[in-house]
Amino acid sequence: MAQMQLTELVARIDDAVAFAARTRVVLAQSIQGVGIDIVLASLPYESRVIDRSSMWELADGVTQRTCSAEDLVVMKACAARDKDWADVTGILERRGTGIDLDLVRKKIAP
């Protein structure tokens with residue numbers, strides 16, 4: 001793996017590079033202390049997640065690419081920690097019938 005540096009973000013854990021090489025996830029935080037998980041995509045499913053993503057405006061002229069609610073539910077279900085299941089509940093409550101549960105089931109099944 002090529003050497004990785006966090007120049008605008010701070011690592012949340014010691015030896016973040018080794019963790020990222022092993023898990024393909026960079027655990028970082030903003031200068032304001034907000035936790036940020038950066039997935040180093042390489043699988044076909046992850047490419048499709050990027051294709052289905054959209055831009056979200058945080059403030060005037062400031063946008064961020066985010067995954068779909070369906071893909072977030074799939075990723076949270078695969079992680080399967082108590083916090084992830086609570087997040088899934090919140091996503092489903094917020095999106096209601098606006099979420100494609102057939103897509104979620106299809107992606108979780110494998």
Side-chain angles (χ1 to χ4, degrees):
M1 177 178 206
Q3 182 61 31
M4 177 177 55
Q5 286 185 280
L6 297 176
T7 57
E8 300 294 323
L9 302 170
V10 177
R12 290 196 331 247
I13 60 171
D14 292 332
D15 209 0
V17 172
F19 181 84
R22 188 174 67 256
T23 65
R24 296 183 7 262
V25 177
V26 177
L27 297 177
Q29 67 181 18
S30 70
I31 58 173
Q32 295 85 9
V34 175
I36 302 169
D37 296 358
I38 303 167
V39 177
L40 306 174
S42 65
L43 302 173
Y45 170 73
E46 294 164 334
S47 293
R48 288 190 297 276
V49 168
I50 293 167
D51 290 342
R52 285 191 297 270
S53 68
S54 61
M55 298 305 288
W56 180 53
E57 187 169 1
L58 300 168
D60 285 340
V62 179
T63 58
Q64 176 179 334
R65 183 168 296 282
T66 60
C67 67
S68 70
E70 291 82 1
D71 288 322
L72 185 55
V73 167
V74 170
M75 288 185 271
K76 293 286 186 176
C78 290
R81 300 171 300 180
D82 288 344
K83 178 177 182 357
D84 295 305
W85 290 118
D87 291 343
V88 166
T89 300
I91 295 164
L92 294 175
E93 287 174 350
R94 182 174 180 179
R95 292 297 303 264
T97 59
I99 192 164
D100 184 350
L101 291 177
D102 289 335
L103 176 64
V104 171
R105 289 182 191 104
K106 180 177 165 185
K107 296 303 174 189
I108 290 176

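Starting from 1, each residue takes its place in the sequence as its number. We use all heavy atoms of the structure for the numbers below, so side chains are in, but hydrogens, waters and symmetry mates are not.
In this structure, the side chain to side chain donor-acceptor pair (under 3.5 Å) partners of Ser30, at least two apart in sequence or on a different chain, are Gln32. With sequence neighbours excluded, no residue forms a salt bridge (charged side-chain N to carboxylate O under 4.0 Å, His left out) with Arg94. Under the salt bridge (charged side-chain N to carboxylate O under 4.0 Å, His left out) criterion, Arg24 pairs with Glu46, sequence neighbours left out. Taking the salt bridge (charged side-chain N to carboxylate O under 4.0 Å, His left out) definition, one finds that Asp84 meets it with Lys76, Arg81, sequence neighbours left out. Legend: residues meeting side chain to side chain contact (heavy atoms under 4.5 Å, CB included) with Asp15, ordered by chain and number and at least two apart, are Ala18. Applying the side chain to side chain contact (heavy atoms under 4.5 Å, CB included) test to Glu93 and every residue at least two apart in sequence or in another chain returns Thr89. Under the salt bridge (charged side-chain N to carboxylate O under 4.0 Å, His left out) criterion, Asp51 pairs with no residue, sequence neighbours left out. With sequence neighbours left out, Ile91 forms a side chain to side chain contact (heavy atoms under 4.5 Å, CB included) with Ala69, Leu72, Val73, Arg95, Ile99. Qualifying side chain to side chain contact (heavy atoms under 4.5 Å, CB included) partners for Ala77, counting only residues two or more places apart in sequence or in other chains: Trp85, Ile108.
Here the CZ atom belonging to Arg12 is positioned 4.5 Å from the CG atom belonging to Asp37, to the nearest 0.5 angstrom. Distance OG/Ser68 to CG/Leu103: 6.5 Å, rounded to 0.5 Å. We find the CG-CZ distance between Asp100 and Arg105 to be 9.0 Å, quoted to the nearest 0.5 Å.
Residues Ser53 and Thr66 are not in side-chain contact: their nearest non-hydrogen atoms beyond the backbone lie 4.5 Å or more apart. Residues Leu92 and Leu101 meet the side-chain proximity criterion, which asks for heavy atoms closer than 4.5 Å.
Salt bridge annotation for Asp102-Lys106: absent, with no cationic side-chain nitrogen under 4.0 angstrom from a carboxylate oxygen.
Among residue pairs with one or both ends in residues 53-75, those qualifying as salt bridge (charged side-chain N to carboxylate O under 4.0 Å, His left out) are Arg52-Asp71; sequence neighbours excluded.
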Next on the checklist: For Leu40 and Val25: C-alpha separation, side-chain torsions, deciding distance, then whether side chain to side chain contact (heavy atoms under 4.5 Å, CB included) applies.
Outcome noted: CA-CA 6 Å; Leu40 306 174; Val25 177; over 6 Å; no

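For Leu58, the CG atom is densely surrounded, since the number of other residues' heavy atoms within 6.0 Å is greater than 12.
Hydrophobic clustering (side-chain heavy atoms under 4.5 Å, transitive across Ile, Leu, Val, Met, Phe, Trp, Tyr) groups Trp56 together with Val62. Under the 4.5 Å side-chain heavy-atom criterion for ILVMFWY residues, no single connected hydrophobic cluster contains both Met75 and Ile36.
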